[in-house]
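These notes are about the structure you will find just below.
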Amino acid sequence: MMEELIATLFLSREFAHRRHLLVTGTGSFAAHTALGAFYDDIIDRADAIAEAYQGRNGLMDEIPYLDGPKGKKSIAATATWLENEMNKIEDMRYDCCPKTDSATQNLIDEAIATYLSVLYKLRNLE
């Protein structure tokens, strides 16, 4: 199950990078900057979660490749998609590792905070 959580983070990074390069319109510079920071930060969060998990549990199985949405999306649609991915992570976090694994859970919290930060920026800054 942790493999799916990490795959979701990887997909979010890929999605954000692609949208970062394609964003246009009102608020585009703020969105471009916010998405750039997100894709840099979220991959570091994914790496930290995977390493902590494997430090406690041994190596994971292969991390699957997930398919994301295609085509150019508005800033609002991008924010909605990222929020849905964040919700998936929140839904699966306790299936991936127990609540008592506070080190890994804290790292997952930091990843969720990274999503919340980009959502704030995409929805409120221009």
Side chain to side chain, Ser117 and Thr114, heavy atoms closer than 4.5 Å
no

List the atom of Thr8, the atom of Leu66, and the distance in Å for their closest heavy-atom pair.
N-CD1, 3.7 Å

When rounded to the nearest 0.5 angstrom, what distance separates CD1 in Ile42 from CD1 in Ile49?
7.0 Å

Can you name the nearest heavy-atom pair linking Thr104 to Cys97, along with the distance?
CG2-SG, 3.7 Å

Considering residues, nucleotides and ligands other than Arg18, do more than 12 of their heavy atoms fall under 6.0 Å from its CZ?
no

For the CG atom of Asp47 and the CZ atom of Arg45, what is their distance to the nearest 0.5 Å?
11.5 Å

Assigning hydrophobic clusters by single linkage (Ile, Leu, Val, Met, Phe, Trp, Tyr; side-chain heavy-atom cutoff under 4.5 Å), is Tyr115 placed with Tyr94?
no

How long is the span from the CG atom in Leu119 to the CG atom in Asn124, to the nearest 0.5 Å?
10.0 Å

Taking it one step at a time, do Glu3 and Glu62 satisfy side chain to side chain contact (heavy atoms under 4.5 Å, CB included)?
CA-CA 7 Å; Glu3 296 85 356; Glu62 186 171 338; over 6 Å; no

Is there a side-chain contact between Cys96 and Tyr53, using heavy atoms and a 4.5 Å cut-off?
no

A side-chain contact here means heavy atoms from C-beta on lying under 4.5 Å apart; do Phe10 and Ile43 qualify?
yes

Below 30° counts as parallel, above 60° as perpendicular, anything between as tilted: where do the rings of His32 and His20 land?
parallel

As an exercise, state the distance from CD of Glu51 to CD1 of Ile6, rounded to the nearest 0.5 Å.
10.0 Å

Taking all non-hydrogen atoms of both residues into account, name the closest pair between Pro98 and Gln105 and its distance.
O-NE2, 3.6 Å

Co-membership, hydrophobic cluster, residues Leu116 and Ile89, 4.5 Å side-chain:
yes

Taking every heavy atom of Met1 against every heavy atom of Met92, the minimum-distance pair comes out as CE-CB, 3.6 Å

Heavy atoms of Leu107 and Ala48 approach each other most closely as CD1-O, 3.5 Å

I want to check something: taking the side chain as every heavy atom from C-beta on, are Asp109 and Arg93 in contact at a cut-off of under 4.5 Å?
yes

Main-chain N/O of Ala76 paired to Arg123 side chain as donor or acceptor, under 3.5 Å
no

Basic-acidic side-chain contact under 4.0 Å: Asp40, Arg13:
no

Considering all heavy atoms of both residues, which atom of Ala34 and which atom of Val118 are nearest to each other, and what is their separation?
O-CG2, 3.7 Å

To the nearest 0.5 Å, what is the distance between CG (Leu125) and OG1 (Thr33)?
10.0 Å

For residues Ser12 and Tyr39, is any side-chain donor paired with an opposing acceptor at under 3.5 Å?
no

Any chance you could measure Leu11, atom CG, to Ile63, atom CD1, to the nearest 0.5 Å?
13.0 Å

Check: Leu35 and Leu82 side chains under 4.5 Å, non-hydrogen atoms:
yes

